[in-house]
**Q** 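To start, I am sharing the structure in question, which I have written as structure tokens.
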Protein chains: 2
Amino acid sequence: MSDIQQQFAHRLKELRAARGWSLARAATETGVSKAMLGQIERGESSPTLTTLWRLAKGFDVGFSTLIEPVDASSGSFQTRVTPPDSALTVKTLLPFVADLHTEMLDVEIEAGGMRESDSHRQGVIECVLVQSGELAVYSDARWHRLQAGDAYRFRADQPHAYRNESQDKPAQFLNLLVYR
Amino acid sequence: MSDIQQQFAHRLKELRAARGWSLARAATETGVSKAMLGQIERGESSPTLTTLWRLAKGFDVGFSTLIEPVDASSGSFQTRVTPPDSALTVKTLLPFVADLHTEMLDVEIEAGGMRESDSHRQGVIECVLVQSGELAVYSDARWHRLQAGDAYRFRADQPHAYRNESQDKPAQFLNLLVYR
DNA sequence: CAGGGTTGTGCGTTATAGCGTACAATCGTG
DNA sequence: CACGATTGTACGCTATAACGCACAACCCTG
């Protein structure tokens, strides 16, 4: 029995309990046998992809939520201003939280300023939403020019950079990182 | 053979081709046998959870990305302003796109204005990031007061509402919806 | 060209996923 | 209390996941 099998055993029990379903009811909703559901919940069996898919549909959750729970609690969280360095002011609007796989920054880059960024981990997608000014984004080996109101997405698992094209005014953009 | 099995067959081939790995190399990286990888790619087998997990780790992708690809192409997308109605101006900064499971709105609500919202689908999480003004958010059967710079998350698969607490000035907030 | 290395497929074997059924335990009702 | 309904577990059977190995086809190098 593997760790993921154990984790999923616990998760399936959670999903079922949250809906107040018996094994029989869950079997009806998902099309997976009662006996098999029991085996999975006790960690005695590692379900196939086909069975996992049935479970996701029957429980009406996305595939990733089937495995990894989303924190359903409500609550405040803090935005945060990173101390300004030579060219950039970064305010973290939505800090990275594991269950949402998302992070959002409000970035201001001074007139003529530029910032390079290392690659993020494999598969991270970045969306740049220009709020004001003239911004250029470097990705896929070239610069892309953006105006206020423009938006641009690219893979952030490669080196990339931001540059304020104006020599007079700062530029401001929202930076959304989606980790999938 | 199920639809998801066929979909995954195609996806696994994609993942492997993208890295330029042979079946033997992929077997080494994932700990899943070459013969089994071949069976999966030809849609002849539905891998168990344990095997899926090994694949995710070996290919260094999140579990959901193992099944559903993220569009890796770069490109601009349009922000959009919804015509104002009686109390609200909505600008869609990031329209919903299926592969990111995310949507972002810039909302301005006039002095004293209020808006109720129906439930979204099961499991949607909403983050409200107040940019200016005094906002109250209704969720979990009660109102939560927020100031500029405050942020609040809650489950959006329940009825919820927004209200500008000020009778003098509009309030503005960013609204991030994460569908998981 | 021949030979060695690489690649993907097919086969047979073993372990286990998935099921229907039976049943013990528990619960609720008359 | 007895009885019926419900719930979760165990069992035996069938189908298939997963593997190691052999091999045909292809590619590259001397």
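Here is the naming used below: chain letters follow the sequence lines, and residue numbers restart at 1 for every chain. None of these values were measured; they are calculated from a predicted model.
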**Q** How would you list, by chain and number, every residue that makes a side chain to side chain donor-acceptor pair (under 3.5 Å) with A/E68, sequence neighbours excluded?
**A**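 Checked A/E68 against side chain to side chain donor-acceptor pair (under 3.5 Å); zero matches.
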**Q** Under 4.5 Å between side-chain heavy atoms, chaining through other members, with only Ile, Leu, Val, Met, Phe, Trp and Tyr counted: pull out the rest of the cluster around A/Y179, sorted by chain and number.
**A**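 Members other than A/Y179 - counting any ILVMFWY side chain reachable under 4.5 Å - are A/F96, A/V124, A/L177.
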**Q** For B/E41 and C/dT7, what is the distance between atoms CD and P respectively, to the nearest whole Å?
**A**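 Checked: the CD to P distance equals 13 Å.
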**Q** Could you work out, with ring-ring contact (aromatic ring centres under 6.0 Å, His included) as the rule, every residue matching A/H120, not counting sequence neighbours?
**A**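 A/H120 satisfies ring-ring contact (aromatic ring centres under 6.0 Å, His included) with A/H160 once adjacent residues are dropped.
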**Q** Going by salt bridge (charged side-chain N to carboxylate O under 4.0 Å, His left out), name the residues that satisfy it together with A/E29, two or more places apart in sequence or in a different chain.
**A**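 Checked A/E29 against salt bridge (charged side-chain N to carboxylate O under 4.0 Å, His left out); matches are A/R25.
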**Q** If the condition is salt bridge (charged side-chain N to carboxylate O under 4.0 Å, His left out), which residues does A/D99 pass it with, not counting sequence neighbours?
**A**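 Expected list: B/R153.
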**Q** Excluding sequence neighbours, so at least two apart, what forms side chain to side chain contact (heavy atoms under 4.5 Å, CB included) with A/A24?
**A**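 Checked A/A24 against side chain to side chain contact (heavy atoms under 4.5 Å, CB included); matches are A/S22, A/K34.
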**Q** If you measure only the distance, is there a donor-acceptor pair under 3.5 Å linking the side chains of B/S2 and A/T50?
**A**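 On atom types as modelled, these side chains qualify, holding a pair under 3.5 Å.
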**Q** Under 3.5 Å, is there a donor-acceptor pair linking the side chains of A/D157 and A/S119?
**A**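 No.
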**Q** Among all residues two or more places apart in sequence or in another chain, which pass the ring-ring contact (aromatic ring centres under 6.0 Å, His included) test with B/F63?
**A**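 Testing B/F63 for ring-ring contact (aromatic ring centres under 6.0 Å, His included), a comparison that skips the adjacent residues, returns A/F63, B/W53.
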**Q** Does A/R145 CZ have over 12 foreign heavy atoms under 6.0 Å away?
**A**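 No, not enclosed.
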**Q** Can a donor-acceptor pair be found between the side chains of A/N164 and A/E134 at a distance below 3.5 Å?
**A**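 No.
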**Q** If you look only at pairs with a residue in residues 39-49 of chain A, which of them pass as a salt bridge (Lys or Arg N to Asp or Glu O under 4.0 Å), with sequence neighbours excluded?
**A**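 For residues 39-49 of chain A, and leaving out neighbouring residues, the salt bridge (Lys or Arg N to Asp or Glu O under 4.0 Å) pairs sorted by first residue read A/R16-A/E41, A/R42-A/E44.
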**Q** Just the rounded figure in Å: distance from P of C/dG8 to CE of B/M36.
**A**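 Nearest whole value for this atom pair: 17 Å.
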**Q** Give the B/S/- string for nucleotides 22-29 of chain D, one per nucleotide from 5' to 3', where a protein heavy atom under 4.0 Å of the base yields B, of only the sugar-phosphate yields S, and otherwise -.
**A** --------
**Q** In whole Å, what is the span from the CG atom of B/L37 to the P atom of C/dT9?
**A**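 Between P of C/dT9 and CG of B/L37: 11 Å.
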**Q** List in numerical order all residues of residues 55-68 of chain A for which some heavy atom is under 4.0 Å away from an atom belonging to DNA chain C.
**A**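 Within this stretch, nothing sits under 4.0 Å of the strand.
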**Q** Between protein and nucleotides 10-16 of chain D, map the contacts as a letter string: B base, S sugar-phosphate only, - none, heavy atoms under 4.0 Å, written 5' to 3'.
**A** B------
**Q** Given atom CZ of A/R54 and atom P of C/dA17, what is their separation to the nearest angstrom?
**A**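 Whole-Å distance recorded here is 16 Å.
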**Q** OP1 or OP2 of D/dA17 less than 4.0 angstrom from a side-chain nitrogen or oxygen of B/T51, does that happen here?
**A**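 B/T51 to D/dA17 OP1/OP2: no side-chain N or O under 4.0 Å.
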**Q** How many angstroms lie between CG in B/L52 and CD1 in A/I4, if you round to the nearest 0.5 Å?
**A**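 The distance works out to 9.5 Å.
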**Q** Under 4.0 Å, heavy atom to any atom of DNA chain D: which of residues 8-32 of chain A qualify?
**A**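 A/R16, A/S22, A/L23 - these, ordered by number, are the residues of the stretch whose heavy atoms sit under 4.0 Å from the strand.
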**Q** Pick base, sugar-phosphate or nothing for B/T48, based on heavy-atom distances below 4.0 Å to the nucleic acid.
**A**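 Sugar-phosphate only.
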